[in-house]
There are 2 protein chains.
Amino acid sequence: MSAAPDDAPSAGRGRRAARLSGDDRELAILATAERLLADRPLAAISVDDLARGAGISRPTFYFYFSSKDAVLLSLLDRVVAEADTAMREVFGAPATTPRDGWARAIGTYYETFRAHRALTVAWARARSTSDEVRALWSEVFERWVQQCATAIDAERARGAALPGLPSRDLAVALTSMNERVLYATFSGDGPAIAESDVVDVLLGIWLSAMYGAQTPG
Amino acid sequence: MSAAPDDAPSAGRGRRAARLSGDDRELAILATAERLLADRPLAAISVDDLARGAGISRPTFYFYFSSKDAVLLSLLDRVVAEADTAMREVFGAPATTPRDGWARAIGTYYETFRAHRALTVAWARARSTSDEVRALWSEVFERWVQQCATAIDAERARGAALPGLPSRDLAVALTSMNERVLYATFSGDGPAIAESDVVDVLLGIWLSAMYGAQTPG
DNA sequence: TGCGTGTCTCGACAGCGTGTTGACTCTTTC
DNA sequence: GAAAGAGTCAACACGCTGTCGAGACACGCA
């Protein structure tokens, strides 16, 4: 729990407080990172940029975070939590039709990433650089694959989805597709699908892969 | 046995016909890069490693390549040419059945990457780092997407494939899926599909997305 | 009031990596 | 045998990361 150090109500500018609290500095670093990430890749942002942006010196930065990647990781932890909650909700609530249920799932996935596109792109790129980012992503990805595979099994058990490929393999492939396609759409590098169409396209492929048709009964 | 050097000084780009020893060094750098890439990522290989591996000093390296990325790019140019040729062959030859045709296309894609897995993984990772790698990849990807979209249109025109999503969007999504899934399978990070199953899984999804069933008539 | 103690801060340093410069050595060619 | 130019490297300039040690500041406590 954090004690509330509210002795410094923001009174506009002016250097009243000789010293900001630790929490404020940490938040300032995080905010600076998100701001800077909006227009250049993490690789082009130095620890010094982050520190100066937060009004501190480079060594002081290291008091709060062990590295540049740690900042990204911290930023991402929140998004992951958000996405997880949203996904659990989707898979928990019953859907009126299979199409509707999957549409909501893919739509949620899309919206979550879209709401943090700079972060999403930075994240995807940092995966090649940082083992920690890679590990965190794998974890999240694995959870989604499992939820997905479980849902496919359920649909097959009730006779709606066709048998065929192992549900886990199907889930891995389809989730991978979503990840890659959304990255392309958000980052804008390479051939991509328009933002307005991407959910429909993904949904169509998911449905035909599971039900053999794009409009299951 | 090197071919006769081009005596006609035509307006060619790149390095002029150089001395044999120069060519040897260039090849040595390339070979060193491929060897080192087999057991550590490009980011963990310095220009000095490359130079020493090729028996030259670091400044001399810069006589041959403008950067580390340029070496990767050079290595990759060959693989791209190889893959392009293989793909053109596949799309050029008539298939006995749709399933067979697509199976050959995906299989070729798989084999090409598999034959150069270290390079493939390095490439995928370098995409986040180097604009040039990113640009080259986009180009290749775009070509594949176009071939694919053309093939889908042809299948629809003859009444075999179902109408539905725009063929280009479908092609982008499916090709993206292949890329991401194969990367996961080859790199081994994150949830992946076993090498022995990956072509079947991808094929199944492609077929149902295009024909509405995994065994089109 | 004075004195820990823990939090916070930064100047200075060590280290590693990149890319460049200028001088030097070998070959080839006329 | 001298000019041209390909090939080579020690030494440098620079930028970035991460660390260390010496403080500055706030706070509870005697």
Side-chain angles (χ1 to χ4, degrees), chain A residues 1-8 15-30 32-33 36-37 40-74 126 128-133, chain B residues 2 4-7 9 12 14-30 32-33 36-37 40-74 125-126 129-133:
Chain A
M1 279 184 214
S2 56
D6 38 358
D7 47 309
R15 46 195 184 94
R16 238 193 103 322
R19 205 165 185 175
L20 255 40
S21 84
D23 276 355
D24 285 345
R25 297 240 120 139
E26 191 167 332
L27 250 26
I29 294 172
L30 255 10
T32 302
L36 260 28
L37 237 22
R40 55 185 150 135
L42 187 66
I45 299 172
S46 69
V47 169
D48 200 52
D49 293 332
L50 255 22
R52 286 185 188 288
I56 55 177
S57 72
R58 208 166 49 76
T60 300
F61 167 92
Y62 287 101
F63 179 82
Y64 294 100
F65 293 97
S66 63
S67 72
K68 213 166 53 174
D69 287 344
V71 177
L72 187 59
L73 237 19
S74 178
S128 345
T129 308
S130 156
D131 286 343
E132 282 163 313
V133 171
Chain B
S2 57
D6 42 338
D7 32 0
R15 232 159 63 78
R16 317 230 318 269
R19 320 253 287 186
L20 207 60
S21 70
D23 276 353
D24 284 347
R25 301 246 122 125
E26 190 168 332
L27 251 24
I29 293 171
L30 255 11
T32 301
L36 295 182
L37 237 22
R40 56 186 149 133
L42 187 66
I45 298 172
S46 70
V47 169
D48 200 52
D49 292 333
L50 255 22
R52 286 186 187 287
I56 57 177
S57 73
R58 209 165 51 78
T60 301
F61 167 92
Y62 286 102
F63 180 81
Y64 293 100
F65 293 96
S66 63
S67 72
K68 213 166 54 174
D69 287 345
V71 177
L72 187 59
L73 235 20
S74 179
R125 294 197 174 162
T129 309
S130 156
D131 286 343
E132 282 163 313
V133 171

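What you see is a predicted model; the values in this text were computed from it and never measured. The chains referred to below are lettered A, B, ... by the order of the sequence lines, with proteins before strands, and numbering in each begins at 1. These numbers come from the heavy atoms of this one structure, side chains and all, not from hydrogens, waters or symmetry mates.
Taking 4.0 angstrom as the limit, A/Thr60 places none of its side-chain polar atoms (N or O) nearer than this to OP1 or OP2 of C/dC8. Within the 4.0 Å cut-off from OP1 or OP2 of D/dT8, at least one side-chain nitrogen or oxygen of B/Tyr64 is found.
Distance CZ (A/Phe61) to P (C/dT7): 20 Å, rounded to an integer number of Å. C/dT18 atom P lies 11 Å from atom CD1 of B/Ile45, rounded to whole Å. In this structure, A/Ile56 atom CD1 and C/dT7 atom P are separated by 17 Å, rounded to whole Å. What separates CD1 of B/Ile29 from P of D/dG7 is a distance of 12 Å, to the nearest Å. The nearest whole Å value for the distance from the CG atom in A/Leu42 to the C1' atom in D/dT17 is 14 Å. The separation between B/Tyr62 atom OH and D/dG7 atom P is 19 Å, rounded to whole Å. Rounded to whole angstrom, the span from the CZ atom of B/Arg52 across to the P atom of D/dA10 amounts to 9 Å. With rounding to whole Å, A/Asp48 atom CG is found 13 Å from D/dG18 atom P.
Considering only heavy atoms from C-beta on, B/Leu42 comes within 4.5 Å of B/Asp69 through its side chain. When side chains are defined from C-beta on, B/Leu30 counts as touching B/Phe65, because their heavy atoms get closer than 4.5 Å.
Of all nucleotides listed (D/dT19, C/dG19, C/dT9), C/dT9 comes nearest to the side chain of A/Arg25. When each of C/dT18, C/dC10, D/dT17 is scored by its nearest atom to the side-chain atoms of A/Pro59, the top-ranked nucleotide is C/dC10.
Of the possible donor and acceptor atoms, one in the side chain of A/Thr32 sits under 3.5 Å from a partner among the backbone N and O of A/Ala28.
Under 3.5 Å, the side chain of A/Arg58 and the base of D/dG18 form at least one donor-acceptor pair of N or O atoms.
Few gaps surround CZ on B/Arg40; more than 12 heavy atoms of other groups in view lie less than 6.0 Å from it.
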Legend entry - Worked check of side chain to side chain contact (heavy atoms under 4.5 Å, CB included) between B/Val71 and B/Phe61: CA-CA 10 Å; B/Val71 177; B/Phe61 167 92; 3.7 Å; yes

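Residue A/Ser57 is classed as a base contact, given a heavy-atom separation below 4.0 Å to a base.
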